Amino acid sequence: MKKYSLSLTSLLMSFIGSIFMVQTSFAATVELNWVKPGTYDDIRSGEQNRKTFHERTFKVLKKHFIKLAADLPQNQILKVDILNIDLAGEINFAGARQIRILREPYFPRVSLSYQLIEDNDAIVMLGSDKLKSMNFLQSSNLRYQSESLGHEKKMLDVWFQREFASLVKTH
């Protein structure tokens with residue numbers, strides 16, 4: 001009986017090790033380049049300091065790209081140049097305050113170019129896209145409902161799934 005339990009323990013440890021091995025073999029590196037952010041169509045805040053809002057917006061989007069790249073193989077680098085951003089909604093005056101109002105004609109847009117590169121510098125994929133989510137108010141966006149830049153995150157999710165579906169790990 002003792003021999004059997006050692007074999008079972010060994011088998012279990014091997015299985016657990018392989019699970020962790022699979023999980024750690026994914027997570028590509030992300031390199032984001034904000035190309036001329038001063039010329040982006042709409043990356044304005046309402047009342048918040050412009051510099052602070054830009055930094056926060058870039059941080060939120062970079063974190064989201066890192067989350068997306070976690071499903072790509074570890075030996076790859078996802079390089080993304082953000083060429084333009086137009087956030088969902090528009091800034092309007094509400095009395096003495098400026099606030100972002102979400103309306104149909106002001107859908108989120110992002111223009112980008114990307115390269116997916118192996119760690120040996122071999123290009124796996126490359127391309128450019130002009131993303132837009134014209135029906136962003138009709139789509140069910142419950143996943144990011146209470147998060148900053150939820151409509152933009154959803155749009156990036158759709159793009160990522162479309163472009164990299166053949167490379168991502170399955171859950």
Side-chain angles (χ1 to χ4, degrees), residues 23 26-73 76-117 123-171:
Q23 289 176 344
F26 286 86
T29 303
V30 175
E31 294 179 11
L32 280 182
N33 180 27
W34 307 98
V35 179
K36 299 180 186 176
T39 64
Y40 291 170
D41 286 346
D42 177 15
I43 189 166
R44 297 180 306 142
S45 71
E47 296 289 314
Q48 191 176 14
N49 173 284
R50 175 175 269 183
K51 183 179 179 205
T52 304
F53 182 75
H54 285 190
E55 289 171 357
R56 184 179 63 80
T57 300
F58 295 155
K59 183 178 177 180
V60 167
L61 291 175
K62 181 171 185 169
K63 186 176 177 181
H64 195 67
F65 273 103
I66 290 169
K67 178 183 165 194
L68 292 171
D71 288 339
L72 292 172
Q76 296 180 339
I77 301 165
L78 177 60
K79 294 183 178 186
V80 180
D81 289 339
I82 305 293
L83 307 171
N84 195 8
I85 296 176
D86 190 346
L87 298 177
E90 69 170 341
I91 300 296
N92 279 334
F93 287 95
R97 298 185 59 209
Q98 294 182 39
I99 58 173
R100 184 167 289 277
I101 306 289
L102 299 180
R103 290 189 220 163
E104 290 278 334
Y106 304 108
F107 50 88
R109 292 178 283 205
V110 173
S111 295
L112 54 80
S113 61
Y114 63 92
Q115 296 179 19
L116 186 62
I117 302 171
I123 295 175
V124 177
M125 294 178 72
L126 70 108
S128 61
D129 262 313
K130 292 185 178 187
L131 314 178
K132 57 186 174 182
S133 181
M134 296 174 73
N135 63 347
F136 74 106
L137 290 176
Q138 274 84 43
S139 65
S140 60
N141 195 14
L142 299 177
R143 184 173 188 183
Y144 303 115
Q145 185 175 3
S146 61
E147 293 185 28
S148 176
L149 304 174
H151 297 292
E152 289 78 6
K153 289 177 182 178
K154 175 70 173 166
M155 180 177 63
L156 290 170
D157 288 354
V158 170
W159 166 77
F160 189 85
Q161 184 59 37
R162 183 186 71 230
E163 293 300 314
F164 301 101
S166 65
L167 300 172
V168 299
K169 70 178 178 180
T170 55
H171 296 285

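What's counted below: heavy atoms across the whole structure, side chains too, no hydrogens, waters or symmetry copies. Just so it is clear, the model here is predicted, and its values are computed rather than measured. Along the sequence shown, residues are numbered consecutively beginning with 1.
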Minimal non-hydrogen separation, [X] against [Y], with atom names:
X: H151; Y: P108; answer: CB-CG, 4.1 Å
X: K130; Y: S111; answer: CG-OG, 3.6 Å
X: D42; Y: E90; answer: OD2-CA, 4.5 Å
X: L156; Y: L68; answer: O-CD1, 4.0 Å
X: G89; Y: R100; answer: O-NH1, 3.2 Å
X: K132; Y: R109; answer: CB-CG, 3.6 Å

With heavy-atom distances below 4.5 Å as the criterion, would you say the side chains of [X] and [Y] are in contact?
X: H64; Y: L149; result: no
X: D129; Y: E163; result: yes
X: E31; Y: I117; result: no

Exercise for the section: Check step by step if side-chain contact (heavy atoms from CB on, under 4.5 Å) holds for E152 and I85. Expected result: CA-CA 10 Å; E152 289 78 6; I85 296 176; 5.7 Å; no
How long is the span from the [atom1] atom in [X] to the [atom2] atom in [Y], to the nearest 0.5 Å?
X: L32; Y: K63; atom1: CG; atom2: NZ; value: 14.5 Å
X: F136; Y: M155; atom1: CZ; atom2: CE; value: 10.5 Å
X: L112; Y: K79; atom1: CG; atom2: NZ; value: 15.5 Å
X: W34; Y: N84; atom1: CH2; atom2: CG; value: 12.0 Å
X: L72; Y: I77; atom1: CG; atom2: CD1; value: 12.0 Å
X: L78; Y: L116; atom1: CG; atom2: CG; value: 6.0 Å

Given 3.5 Å as the limit, does a donor-acceptor pair link the side chain of [X] with the main chain of [Y], or not?
X: H54; Y: I43; value: yes
X: Y40; Y: V35; value: yes
X: E104; Y: L137; value: no

Verify the neighbour count for atom [atom1] of [X]: are there more than 12 heavy atoms of other residues, nucleotides or ligands below 6.0 Å?
X: Y106; atom1: OH; result: no
X: K62; atom1: NZ; result: no
X: R162; atom1: CZ; result: yes

Exercise for the section: Mind running ring-ring contact (aromatic ring centres under 6.0 Å, His included) on F164 and Y114 for me, showing each step along the way? Expected result: CA-CA 11 Å; F164 301 101; Y114 63 92; 5.6 Å; yes
Exercise for the section: Walk me through it: do V60 and E147 pass the test side-chain contact (heavy atoms from CB on, under 4.5 Å)? Expected result: CA-CA 10 Å; V60 167; E147 293 185 28; over 6 Å; no
Practice task
Could you verify whether a donor N or O on one side chain and an acceptor N or O on the other, from D157 and Y144, lie under 3.5 Å apart?
Solution key: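 Yes - a donor-acceptor pair under 3.5 Å links their side chains.
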